[in-house]
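Each remark here refers to the structure printed beneath this line.
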Amino acid sequence: MEEVEVVVAHQERATLRVGDVFLKIDTDQTRTDVEVEAMAMAPIPTPEVLWRRPPVLALAAVPGTALGRLGEPSTASSAAWAAAGAAVRLLHDAPLPPWPGRSLDEIASQLDDECEWLVTSGVLPTDLVTRNRRVAEAALRPWKPAFTHGDLQITHVFVDGDEITGVIDWSEAGQGDALYDLASLTLGHEEHLDDVVAGYGTDVDLDVIRAWWSLRSLLAIRWLVEHGFDPSAPGCEVDVLRSRM
């Protein structure tokens, strides 16, 4: 019998691995609906859906290894990072999914709420929040909607050598800002931004990507703390914010 590995588990969802099968259990089946439909629409490699019996979705493991991890140096080649950029460009050029993503007003309102909580709770120094709140402003501008992954952190991109073998975890996919995906992919790995942009193959506003680094980190910290993760670990969200000072 294969051993059961708990990949991630908290009160909203859990992911288990049994051999080459991942079992995703989610309290919100809307997220699973989005994941299944987005993977079917995406023009890049995604996990095979083996079966679905709510609240469980069974997916086949994708080959290769993750592009890297937040807080750790990536061992992937420059060519692999460029390939990731090229894959993201294919996704962004694809037809839009029929469901909307978060609106600019929703993001701005959430940013206000999270910054207030970070200060009043004492989780972060006021000057750190204030500085990154100013940096984040550059991301709060109108954008042309693209088909975005929505949570394109490097652990969700798998490579074998210099080739992309799969992109996982599509539950946040939807219409959104293309530069948010590029920022999520390079969060905490600024040294690989040039490779990603080279693979993406078009001019991008680097100031907006840096703004999304601040914004994504500010929005993530409360959720991470409340779900048992440590955003202050070396190289993670708090360090990303400190690097903007």
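Position 1 is the first residue of the sequence; numbering continues from there.
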Can you establish whether the number of heavy atoms outside E163 located under 6.0 Å from its atom CD is more than 12? no
Would you find a donor on one side and an acceptor on the other, under 3.5 Å apart, between the side chain of S184 and the backbone of Y180? yes
Between E172 and R31, does the salt bridge (charged side-chain N to carboxylate O under 4.0 Å, His left out) criterion hold? Intermediate values first, please. CA-CA 7 Å; E172 305 298 325; R31 284 192 292 251; 5.3 Å; no
Looking only at side chains, do D195 and S78 share a donor and an acceptor under 3.5 Å apart? yes
Is a donor from one side chain sitting under 3.5 angstrom from an acceptor on the other, for W170 and D151? no
Test R52 against D33 for salt bridge (charged side-chain N to carboxylate O under 4.0 Å, His left out), laying out the working first. CA-CA 10 Å; R52 182 181 180 187; D33 292 341; 2.7 Å; yes
Side chains of T15 and L23: closer than 4.5 Å at any heavy-atom pair? no
For W99 versus A173, what's the shortest heavy-atom pair and its separation? NE1-O, 2.7 Å
Relative to the ring of H227, is the ring of H10 parallel (under 30°), tilted (30 to 60°) or perpendicular (over 60°)? perpendicular
Is a side-chain N or O of S243 found less than 3.5 angstrom from the main chain of V240, in a donor-acceptor match? yes
Is R133 close to C115 at the side-chain level, that is, under 4.5 Å between some pair of heavy atoms? yes
Indicate yes or no: at least one non-hydrogen side-chain atom of K144 is less than 4.5 angstrom from one of D177. no
Among V119, L241, N132, whose side-chain contact (heavy atoms from CB on, under 4.5 Å) with L124 holds? L241
D160 vs T165, side-chain hydrogen bond (donor to acceptor under 3.5 Å, both in side chains): CA-CA, chis, key distance, verdict: CA-CA 6 Å; D160 184 1; T165 56; over 6 Å; no
Heavy-atom distance under 4.5 Å between the side chains of M41 and P97, does that happen here? yes
Residues L140, I107; criterion side-chain contact (heavy atoms from CB on, under 4.5 Å); working and verdict: CA-CA 8 Å; L140 299 176; I107 296 170; 3.9 Å; yes
H189 side-chain N/O to R69 backbone N/O, donor-acceptor pair under 3.5 Å: yes
Is it the case that the side chains of T148 and D181 hold a donor-acceptor pair, with the cut-off being a distance below 3.5 Å and no angle test? no
Are any side-chain N or O atoms of H156 and backbone N or O atoms of G166, one a donor and one an acceptor, separated by less than 3.5 Å? no
Donor-acceptor contact below 3.5 Å, side chain R141 vs main chain W143: no
Short N-O contact, R131 and D127, less than 4.0 angstrom: no
Check whether any side-chain heavy atom of S171 lies under 4.5 Å from a side-chain heavy atom of R13, and answer yes or no. yes
State plainly whether the residues R222 and E237 are in salt-bridge range, i.e. N to O under 4.0 Å. no
Side chains of L218 and L118 in contact at under 4.5 Å (non-hydrogen atoms): yes
Once you round to the nearest 0.5 Å, how far does CZ of R102 lie from CG of L219? 6.5 Å
Tell me yes or no: between the side chains of T186 and W213, is some donor less than 3.5 Å from an acceptor? yes
Side-chain contact test, heavy atoms from C-beta onward, threshold under 4.5 Å: evaluate it for L59 versus V21 and give yes or no. no
Establish, for the pair R53 and W51, whether the NZ or CZ atom is under 6.0 angstrom from the six-membered ring centre and no further than 45 degrees off its axis. yes
Donor-acceptor pair, side chain of E190 and main chain of L187, under 3.5 angstrom: no
With side-chain hydrogen bond (donor to acceptor under 3.5 Å, both in side chains) as the test, would you mind laying out the steps for D230 and S232 before giving the verdict? CA-CA 5 Å; D230 183 9; S232 62; 2.5 Å; yes
So, W81 and S74: side-chain donor and acceptor under 3.5 Å apart, yes or no? yes
Quick one: are D207 and R210 in side-chain contact, heavy atoms under 4.5 Å? yes
Looking at A211 and A139, what are the two nearest heavy atoms and their distance? CB-N, 3.5 Å
